[in-house]
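Reviewing the structure listed below.
From a predicted model like this one, the values you see are computed outputs, not experimental measurements.
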Amino acid sequence: MQWWRDAVFYQVYVPSFTDSDGDGIGDLQGIRGRLGYLELLGVDALWLSPIYASPMVDNGYDITDHRAVDPVWGDLDAVDELIADAHAHGIRVTVDLVPNHTSDQHPWFRAALASPTGSPERDRYHFRPGQGVGGAEPPNSWRSVFGGSAWTREPARDEGPGEWFLHLFSPAQPDLNWTNLEVWADLDKTLRFWLDRGVDGFRIDAAHGMCKQLDATPTSSDDDPRFDQDDVHDVHRMIRATLDHYPERVAIGAVGVRNAARFARYVRQDELHLAVDTQLAASRFDAEEVRAAIEDCLNAVGSVGAAASWLLSDHDVSRPASRYGAGPVGTARARAMALVQLALPGAAYLYNGDELGLPDADLPDEARRDAVWHHGEDSRDGCRVPQPWEADLPAYGFTTGEPWLPIPDDYALLGAAEQLEDTGSTLSLYRRALELRREHPGFAAPPLPGP
Ligand code: NOJ
């Protein structure tokens, strides 16, 4: 059964959903306690942001062990319990997977720093000598997505001056070298580890990353040697081949590729099951723009027989209720766009809090935590503020402690408990829309013929 082709996935940004132990940071037991809510909302599956061991420079997207749970979220038993309980509620569980990079505290990267030039330990990452006098300039002009150079120089070593290592995101997230077979073998091990524990699939972070053309000179502005290189499709074929040993599991790519034909390549029959469209989230509240985004995506995935999958927001972008305009106008437009999204054929991703119509929080600079902010870019913290559950409870029921990001006072008006009682609320609108989807099957693109 290709359940994912019309599934509604609910993104739980784990730090901000529910805290069960009072440390102010959301966790796995917290999610477990909200399964009743999620069933009432009517979602089919969860996508959990990374739950792995991490120093949390990028809230879990910097990983030191892909096969361990960070104690801040819980432990492996908590994962097992969450999966079992979610399944009992009829909800599947998918988890984020981050194959492009590790943390700079990962044992592999620490070993690389401690090993000589040209050693197998260093070959798992991208180390290069610098340019210019004494190698003081980075190897090339690549920029990091988080701002600044994509290269950081390691400290000087006994054997001589330090080399530079590549990081398409923060310097605490060195990029893995996907021409190294150990890197492939390790991902396969990670996939099987979680599949054996019963996860229903993976959301693959930066799925158009991994392979790069380090020595290429771009020939046009569309030509980005950092991303969307042909070799990345071999990685997705490997992932798919592993998943195919496990019935009904799904690989979903966060594919930041604008060109529709190139986007479609990720969902060919032996690659990802779904690739998350990013064009809808990038569109303004403008009928023509929205229509073009929808048509482009439908044509692209249709050309290879895949289902579309739609996302209005996630933990990296401004929330719809703020993005489409301030105050009640933004809220009304966000509600309208939710209906557009949920009426489209294919899968849909809801970001926790959007079902409550949360706006971005306007945080004071000193409260901001995002790694991007510390690199001089706009911070993504405003869309990551903890979820309000009940207006009368301290921290609105998110935690009994101090929330890791301050929750603005106006979130008191948007608590889930109050919205459940109000038929005119955004939460009620979402519930009804999801009910309508269930009552009108046919949202899925036609299934492919069986093997
Ligand atoms: C994309 C994730 O969505 C984002 O939150 C993260 O910072 C980068 N990838 C790096 O992993």
Side-chain angles (χ1 to χ4, degrees), residues 10-41 43 46-63 68-86 89 91 93 95-96 314-315 319 350-356 358-361 363-364 366-371 379-420 427:
Y10 183 90
Q11 181 193 355
V12 176
Y13 192 60
V14 182
S16 298
F17 194 59
T18 296
D19 171 26
S20 71
D21 60 8
D23 67 359
I25 305 173
D27 50 39
L28 293 165
Q29 292 299 355
I31 302 169
R32 203 169 154 217
R34 299 293 183 195
L35 288 169
Y37 168 82
L38 294 165
E39 188 178 356
L40 210 59
L41 176 58
V43 299
L46 306 182
W47 145 26
L48 306 184
S49 61
I51 53 172
Y52 317 113
S54 167
M56 306 290 166
V57 172
D58 190 16
N59 293 349
Y61 284 93
D62 49 317
I63 297 167
V69 175
D70 197 276
V72 81
W73 317 125
D75 54 19
L76 282 172
D77 288 343
V79 175
D80 294 345
E81 287 159 6
L82 175 59
I83 294 174
D85 279 9
H89 282 267
I91 297 174
V93 180
V95 291
D96 225 303
D314 61 20
H315 60 292
R319 286 192 181 270
L350 310 182
Y351 175 43
N352 69 221
D354 280 352
E355 82 278 18
L356 304 178
L358 297 185
D360 291 334
L363 297 171
E366 60 277 11
R368 293 182 189 272
R369 304 280 287 270
D370 185 8
S379 113
R380 300 168 291 181
D381 292 308
C383 67
R384 297 176 171 181
V385 166
Q387 182 112 331
W389 292 99
E390 205 172 323
D392 290 341
L393 294 178
Y396 309 130
F398 164 70
T399 178
T400 53
E402 194 59 36
W404 73 282
L405 286 174
I407 311 180
D409 292 345
D410 55 2
Y411 276 27
L413 302 172
L414 297 168
E418 292 75 15
Q419 290 204 41
L420 279 174
L427 180 55

With no hydrogens and no angle check, is any side-chain donor or acceptor of [X] less than 3.5 Å from a backbone partner on [Y]?
| X | Y | value |
| --- | --- | --- |
| Tyr52 | Asp96 | yes |
| Asp58 | Ala371 | no |
| Glu418 | Ala391 | yes |
| Trp404 | Pro15 | yes |
| Gln419 | Leu414 | yes |
| Asp381 | Arg368 | no |

Decide yes or no for [X] and [Y]: does some side-chain heavy atom of the first lie under 4.5 Å from some side-chain heavy atom of the second?
| X | Y | result |
| --- | --- | --- |
| Thr400 | Pro394 | no |
| Leu48 | Leu82 | yes |
| Gln29 | Asp21 | no |
| Tyr396 | Asp409 | yes |
| Tyr61 | Ser49 | yes |
| Val12 | Arg34 | no |

Quick check for you: to the nearest 0.5 Å, what is the distance between [X] atom [atom1] and [Y] atom [atom2]?
| X | Y | atom1 | atom2 | result |
| --- | --- | --- | --- | --- |
| Leu356 | Leu413 | CG | CG | 12.0 Å |
| Leu46 | Leu35 | CG | CG | 7.0 Å |
| Ile31 | Leu38 | CD1 | CG | 9.0 Å |
| Gln387 | Tyr411 | CD | OH | 9.0 Å |
| Ile91 | Ile83 | CD1 | CD1 | 13.0 Å |
| Leu28 | Thr18 | CG | OG1 | 11.5 Å |

Q: Could you check Leu427 against Tyr37 for side-chain contact (heavy atoms from CB on, under 4.5 Å), going step by step and ending with a plain yes or no?
A: CA-CA 11 Å; Leu427 180 55; Tyr37 168 82; 3.6 Å; yes

Q) What do the steps show when you test Val93 against Val79 for side-chain contact (heavy atoms from CB on, under 4.5 Å), and what is the final call? A) CA-CA 10 Å; Val93 180; Val79 175; over 6 Å; no

Minimum heavy-atom separation for [X] to [Y], with atom names?
| X | Y | answer |
| --- | --- | --- |
| Asp360 | Cys383 | OD1-CB, 3.6 Å |
| Gly60 | Ser54 | CA-OG, 3.5 Å |
| Gly74 | Ala78 | CA-CB, 4.5 Å |
| Gly353 | Arg319 | C-NH1, 3.4 Å |
| Asp27 | Val72 | CB-O, 3.6 Å |
| Thr399 | Asp19 | OG1-OD2, 2.5 Å |

Q: Apply ring pair (Phe, Tyr, Trp, His ring centres under 6.0 Å) to Tyr13 and list each qualifying residue two or more places apart in sequence or on a separate chain.
A: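 Testing Tyr13 for ring pair (Phe, Tyr, Trp, His ring centres under 6.0 Å), a comparison that skips the adjacent residues, returns His315.
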
Q.
Test of understanding: with ring pair (Phe, Tyr, Trp, His ring centres under 6.0 Å), list the residues that count as partners of Phe17, not counting sequence neighbours.
A.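 Counting only residues at least two positions away or on another chain, Phe17 forms a ring pair (Phe, Tyr, Trp, His ring centres under 6.0 Å) with Tyr10, Trp389.
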
Q: Carefully, step by step, assess Phe398 and Leu393 under the rule side-chain contact (heavy atoms from CB on, under 4.5 Å).
A: CA-CA 9 Å; Phe398 164 70; Leu393 294 178; over 6 Å; no

(Q) Working note: Ile25 + Met56, criterion side-chain contact (heavy atoms from CB on, under 4.5 Å); need CA distance, chi angles, decisive distance, verdict. (A) CA-CA 12 Å; Ile25 305 173; Met56 306 290 166; over 6 Å; no

Q: Report, as yes or no, whether the 6.0 Å neighbourhood of atom CD on Glu39 holds more than 12 heavy atoms from other residues, nucleotides or ligands.
A: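 Count over threshold, so yes.
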
